[in-house]
Protein chains: 2
Amino acid sequence: MADNLRLDSTDLEILRVLQNDARITNRELAATVGIAASTCLDRVNRMREGGVILGYRLQVSPEALGRPIQAFLTIRAQHRRELLASLAEHIRSQPETRALYHLAGRDDFLVLVAAESVADLQRLVIDELTCRPEITQVQTTLVFQEWEGGPLLPPGARA
Amino acid sequence: MADNLRLDSTDLEILRVLQNDARITNRELAATVGIAASTCLDRVNRMREGGVILGYRLQVSPEALGRPIQAFLTIRAQHRRELLASLAEHIRSQPETRALYHLAGRDDFLVLVAAESVADLQRLVIDELTCRPEITQVQTTLVFQEWEGGPLLPPGARA
DNA sequence: CGTGAAAGTCACCTAGT
DNA sequence: ACTAGGTGACTTTCACG
């Protein structure tokens, strides 16, 4: 799945374009990077099978969906493996959860959540998290603003 | 752009399917949710124009791209607006940056970065961040594991 | 690795029920 | 909302440099 595929500059250009707009047609993509459509399709499929391209995701607006409050929750818990696994599963199953990270450091988990309201955030923290015995601390930090990074490319990528 | 569009259960089903695979054809999508293709296209376009659907993004593997080290950087800085804006721009322009968040709390920024190596991470922190005068503190936390949340849906969504 | 052609599919528009 | 027809663009395969 995660082969180390060799990527030339054309592959990188494809990745760059697709990360900006994944719904571009293969023809347009091929024209943009300067190769034939069939060749372009080959390259995309190879990167897909090679694990470089994981999938195509819809980007939705949390605000437009009625979840205007975003926050990071830092969670400290007991370090027994089976507790951590089931805790992670519980966090991921919450509808507010957008992403979950297991961290090295004082805090064990970092969760990005999108909540309907401050009250919903409070309920999430108190009723779903701090009530669990394996959790020793939860800290909530509101997100003022969120930016996505540019296209992710290999180190040393030029063109 | 961010109208409050009314979404019925069919719209939610569309969002759910598209968040799993945004490259599905409109015909397949329509068949999956049980409506006609033309209607389905209408609904998707309406959600796109209504700001619910922001775009279609390629999901790439940082490891497969040669960036196996992921970390969160928490940054404290001086709070003058123009300093924060230019600092945010500088952080976003780094090739390691995957996402940037402006926070309410002791820390001003949280950055998710994907680095080539620990040395690269060190260079990023020291040469690009702590050297800047407006930054007062940077804390680095390694990411052991990352999970994406399920599809993001409106509060109270059932089917 | 690249191309061009050909077949099948799809998006998209229009109009009618 | 669905159906149906029609056009042009698209994906995908294949034989071939």
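These values consider heavy atoms only, across backbone and side chains, with no hydrogens, waters or symmetry-generated copies. So that the names make sense, note that chain A is the first sequence line, chain B the second, and so on, each numbered from 1.
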Could you check how far CG of N45(B) sits from P of dA11(C), rounded to whole Å?
11 Å
Do you see a donor-acceptor pair shorter than 3.5 Å between the side chains of H102(B) and D108(B)?
no
In whole angstroms, how far is the C1' atom of dT3(C) from the CG atom of D42(A)?
11 Å
Are side-chain N/O atoms of R76(A) and Q139(A) paired as donor and acceptor at under 3.5 Å?
no
How many Å lie between CZ on R27(A) and P on dG4(C), as a whole number?
11 Å
Are Y101(B) and F72(A), when compared by the centres of their aromatic rings, separated by less than 6.0 Å?
yes
With side chain to side chain contact (heavy atoms under 4.5 Å, CB included) as the criterion, how do L103(B) and T74(B) come out once you've worked through the C-alpha distance, each side chain's angles and the decisive distance to 0.1 Å?
CA-CA 10 Å; L103(B) 301 180; T74(B) 56; 5.8 Å; no
Does D8(A) or I24(B) map to a spot on DNA chain C nearer the 5' end, using the closest nucleotide for each?
D8(A)
Which nucleotide in dT12(D), dC10(D), dC2(D) has an atom nearest any side-chain atom of T25(A):
dC10(D)
Can you tell me if the side-chain N/O atoms of T39(B) get under 4.0 Å from OP1 or OP2 in dC2(D)?
yes
May I have the distance from E28(A) (atom CD) to dA9(D) (atom C1'), rounded to whole angstrom?
11 Å
Distance check needed: dC1(C) P versus R46(A) CZ, whole Å only.
5 Å
Could you tell me how far apart N26(B) (CG) and dT11(D) (C1') are, to the nearest whole angstrom?
16 Å
Mind calculating the distance between CZ (R23(A)) and C1' (dT11(D)) to the nearest angstrom?
16 Å
So, is R43(B) close to the dA1(D) phosphate, meaning a side-chain N or O under 4.0 Å from OP1 or OP2?
yes
I35(A) has an atom CD1; how far is it from atom P of dC1(C), in whole Å?
11 Å
